[in-house]
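Below: one structure, written as structure tokens.
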Amino acid sequence: MTVEYTIEAGVAGEPPLNEPATVWATASGAPERLVWRSRRFLVHAKPIPWIDRVEWWMLEQRAARGSFPPLERRMWQVQIRAIDNGEIMLIDLEAGEDRTWQVTGVYA
């Protein structure tokens, strides 16, 4: 079975998607289930960890003198399956504190 994806958000030249999601992760930090856009999803395939560079020049807040903003962020690319209708999507997640993460890209 071949699954084709079309990009919904996160395309170059468009503002990045930043939608909150409540994520439950394994002890190693890999996402295993989440609630996003009021829907429940299960991780459908092994998540892929990666590191993204922060566009520090685009940040609204300036760093205090002598301090530096983080230049990298922990990311996961995750294939998810909706519990309600079985829809499968590929998303990019920015790991957050506790369970609040950000969906930064959607490939539906």
*Do Thr22 and Thr100 touch side chain to side chain, with heavy atoms closer than 4.5 Å?*
no

*Approximate separation, where rounding is to 0.5 Å, of Trp50 CH2 and Asp92 CG*: 5.0 Å

*Evaluation steps, side-chain contact (heavy atoms from CB on, under 4.5 Å), between Glu72 and Arg53*: CA-CA 5 Å; Glu72 297 178 338; Arg53 295 282 182 176; 3.4 Å; yes

*Would you say the side chain of Arg99 lies within less than 4.5 Å of the side chain of Trp24, judging by non-hydrogen atoms?*
yes

*Do you reckon Val35 sits in the same ILVMFWY cluster as Leu17, going by side-chain contacts under 4.5 Å, direct or chained?*
no

*asked:* Quick check: closest heavy atoms across Trp76 and Gly29, and the distance to 0.1 Å?
replied: CZ2-O, 3.5 Å

*asked:* Are there over 12 heavy-atom neighbours, none belonging to Asp98, within less than 6.0 Å of that residue's CG?
replied: no

_Separation between CZ of Arg33 and OG1 of Thr26, rounded to the nearest 0.5 Å_ = 12.0 Å

*Show your working on side-chain contact (heavy atoms from CB on, under 4.5 Å) between Leu42 and Ile83 and close with a plain yes or no.*
CA-CA 7 Å; Leu42 295 174; Ile83 291 177; 4.1 Å; yes

*If you look at every heavy atom in Pro31 and Val23, which pair is closest and at what distance?*
CB-CG1, 3.7 Å

*asked:* Going by the rule side chain to side chain contact (heavy atoms under 4.5 Å, CB included), which residues pair with Asp84 if we only count those two or more places apart in sequence or in a different chain?
replied: Arg39, Ala82

*asked:* Tell me the closest heavy-atom pair linking Ala45 and Val43, and the distance in Å.
replied: O-CG1, 3.0 Å

*Could you give the distance from OG1 (Thr104) to CG (Asp52), rounded to the nearest 0.5 Å?*
7.0 Å

*Any ion pair linking Glu87 and Arg81 (charged N to carboxylate O, less than 4.0 Å)?*
no

_If you compare all heavy atoms of Ala25 against all heavy atoms of Trp101, which two are closest, and at what distance to 0.1 Å?_
CB-CZ2, 4.3 Å

*Phe41 and Ile88: side-chain contact (heavy atoms from CB on, under 4.5 Å), yes or no, with the steps?*
CA-CA 9 Å; Phe41 297 89; Ile88 295 176; over 6 Å; no

*Rounded distance (nearest 0.5 Å) linking atom CD of Gln102 with atom CG of Asn18*: 5.0 Å

_Return the CD to CD1 distance between Glu19 and Ile91, rounded to the nearest 0.5 Å._
10.0 Å

*Does Met75 belong to the same Ile/Leu/Val/Met/Phe/Trp/Tyr cluster as Ile80, with side-chain heavy atoms less than 4.5 Å apart forming each link?*
no

*With sequence neighbours left out, write down each residue that passes side-chain hydrogen bond (donor to acceptor under 3.5 Å, both in side chains) with Glu94, or none if nothing qualifies.*
Arg73

